[in-house]
Amino acid sequence: MKAAPFDHHAPETVAEAAALLAEFGDEAKVLAGGQSLLPLLSLRLTRFEHLVDVHRVAELHGITRTDDALRVGAATLQAEAEHDAVVAAAVPLLARALPHIGHFQIRNRGTVGGSLAHADPASELPTVALTLGATFEAASVRGTREIAADDFFTGTWSTALAEDEILVGTRFPVWAGRTGYGFAEVARRHGDFALAGVAAAVALDADDRITRVAVGMLGVGATPVRAGAAEAALLGTAPDAAAVTEAARAGMAALEPADDLHATGAYRRRVGAHLMETALGAAIEEARRG
Amino acid sequence: MAEHHIRCTVNGQARRGIVESRTTLADFLREGLGLTGTHLACEHGVCGACTVTVDGRAIRSCLMLAVQAEGATVTTVEGLAGADGTLSPVQQAFMDAHGLQCGFCTPGFVMSVTAFLEANPDPTDSEIREGISGNLCRCTGYQGIVEAVRLAATRLRAAEVGA
Ligand SMILES: Cc1cc2nc3c(=O)[nH]c(=O)nc-3n(C[C@H](O)[C@H](O)[C@H](O)COP(=O)(O)OP(=O)(O)OC[C@H]3O[C@@H](n4cnc5c(N)ncnc54)[C@H](O)[C@@H]3O)c2cc1C
Ligand code: FES
Ligand code: FES
């Protein structure tokens, strides 16, 4: 099917884009890579009079590293981030999650900011952002503000961004010391949206005791969620395999994945516990080698 | 309704056209430029039949607006064969290894595989399957396609060594 008519705007600065969004209000939508928005328009599941295409806004492109954070401009292609050596070194969890997004042709158009702003509960990048505690930078005609990951994802396909706000960039914290990361997901076929997935990060002290741990899940709720019970069970311990299994069980027991067309909640719970064990095990293993 | 004048390079030739905002790159190629080798099936990003390369990257032309291709370099399946009609190594391998039956999906596969092998000239079988996972085929059962990718990879590497 074809999309209903709309006007395409191609601003070159954040200020111009923000002014367009302010002018057109709820008749306008930001267009980035179009890999989620254009299918919705083509299927006529949604309709906007104006698309504000941010691709030509230079300020939204690029990846920069500071001591404690990696900043990814919102319009940076998923494929660019996936193959960027700075990303792989600074935030390995992000680099490992990226190849799970769709197919390479999708990542060649899809943007990092588009995936975060679209906030599909089964998508990888929102889970990585929540797990690591990323900070979102937003801009509108009213000025700029920062939003913490804990406050950013508000529901299925919804975020704390206001209708007239543009996501400018996202800062992912860089973990220091003996750290390790794991990412695991299950999808029906390669490239499909995941049924469930887990992102895990750990930091160890010299005695292999866990000093910092973060576990996030996708596909088990309306938003990405942290598995707080698993984190609490592991923090301060030097867990053996049985303790990791137990922590994953506890982490999953505290969550209530729903039934849907693709899988039952019971299936997600079982597979989720297993994925959490796998991701945590890999993260701890990697940190011990560090 | 907004109309846009666009210019881009398609298969090595400078092309221009007037499009609506909502016109996809796929529709511009097919209807505006008569390049009907780029096929359309789902028109919402699922099947990969519409794959072309834009500035060297394989993308779905049903999920890109024609206005977004302003200034870009686009290659479609019509741009792969030599001027004398000699098939590209990937096209030839699809023919030789029975990588097609009805052929509807083939332009998309050929474009995806061409880009895939440029990035990964010596793929494992599982990398090949991942590489073609964004393209659907309703006829072949994929075995012939995987075989065609292997054959193309081998021939391209041999040509590389020979060059
Ligand atoms: C076949 C297929 C398979 C896919 N599989 C996966 C998958 O497995 N995992 C996954 O995570 N995704 C998947 N996707 C979606 C893909 O990752 C999209 O690229 C992504 O969700 C949206 O990014 P985009 O740049 O394409 O944004 P668009 O489609 O252009 O925009 C998406 C939404 O975000 C908003 N938006 C975009 N940028 C900004 C900004 N800077 N500021 C404010 N709002 C903004 C738009 O207004 C829109 O509402 C798949 C897509 C397809 C077609
Ligand atoms: S027609 Fe473009 S992906 Fe199906
Ligand atoms: S050969 Fe018929 S769809 Fe692939």
Side-chain angles (χ1 to χ4, degrees), chain A residues 1-12 20 24 28-29 31-56 75 77-80 82-83 99-111 114 187-193, chain B residues 1-4 6 19-27 31 40-72 108-109 111-113 115-116 118-120 126-136 142:
Chain A
M1 221 152 86
K2 314 284 181 192
F6 53 77
D7 283 350
H8 174 267
H9 304 267
E12 294 189 353
L20 287 164
F24 297 123
K29 194 79 175 160
L31 172 68
Q35 304 300 288
S36 293
L37 185 54
L38 292 182
L40 292 172
L41 292 169
S42 295
L43 293 165
R44 302 207 181 193
L45 293 172
T46 183
R47 180 168 183 179
F48 294 96
E49 299 289 322
H50 301 274
L51 294 193
V52 179
D53 185 342
V54 293
H55 175 70
R56 293 189 193 275
L77 292 181
Q78 294 161 6
E80 283 166 351
E82 178 185 354
H83 300 292
H100 289 276
I101 300 176
H103 316 283
F104 75 93
Q105 299 90 337
I106 303 300
R107 303 191 295 274
N108 277 344
R109 286 293 298 163
T111 65
R188 300 191 90 162
R189 294 165 302 199
H190 181 92
D192 281 9
F193 272 100
Chain B
M1 195 163 47
E3 284 194 339
H4 308 262
I6 59 163
V19 297
E20 275 184 60
S21 287
R22 64 170 164 168
T23 307
T24 62
L25 177 59
D27 283 336
E31 288 164 26
L40 278 171
C42 71
E43 295 188 77
H44 62 264
V46 175
C47 73
C50 63
T51 309
V52 302
T53 64
V54 174
D55 296 330
R57 293 177 184 276
I59 60 108
R60 285 155 158 37
S61 61
C62 73
L63 293 190
M64 180 167 179
L65 300 175
V67 279
Q68 295 180 302
E70 167 68 31
F109 268 96
M111 295 311 295
S112 288
V113 169
F116 170 70
E118 263 165 38
N120 185 356
S126 81
E127 286 167 346
I128 291 175
R129 287 188 182 273
E130 183 177 334
I132 62 169
S133 68
N135 292 77
L136 298 181
Y142 299 100

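Being a predicted model, the structure only gives us computed values, none of them experimental. The sequence lines fix the lettering, A, B, ..., with proteins before strands; numbering per chain opens at 1.
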Please classify the contact between [X] and chain B as side chain, backbone, both or neither, with a heavy-atom cut-off of under 4.5 Å.
| X | result |
| --- | --- |
| A:L41 | neither |
| A:L77 | side chain |
| A:A4 | backbone |
| A:N108 | both |
| A:I106 | side chain |

Contact part of B:L65 toward chain A, heavy-atom cut-off under 4.5 Å: side chain, backbone, both or neither?
both
Straight-line distance of [X] [atom1] to [Y] [atom2], nearest 0.5 Å:
| X | Y | atom1 | atom2 | answer |
| --- | --- | --- | --- | --- |
| A:S42 | A:K2 | OG | NZ | 8.0 Å |
| A:K29 | A:F6 | NZ | CZ | 14.0 Å |
| A:H9 | A:D53 | NE2 | CG | 10.5 Å |

Are any of the side-chain nitrogens in B:D27 or B:R22 under 4.0 Å away from the carboxylate oxygens of its partner?
no
Taking the side chain as C-beta and beyond, is there a heavy-atom pair between B:C47 and B:N135 under 4.5 Å?
no
What option among A:R56, A:H55, A:H83, A:R189 has the most heavy-atom pairs under 4.5 Å with chain B?
A:R56
Against chain A, work out which of B:Q68, B:E70, B:H4 has the most heavy-atom pairs shorter than 4.5 Å and name it.
B:Q68
A:E82, A:H100, A:Q78 screened by side-chain hydrogen bond (donor to acceptor under 3.5 Å, both in side chains) with A:R107, the one that passes:
A:E82
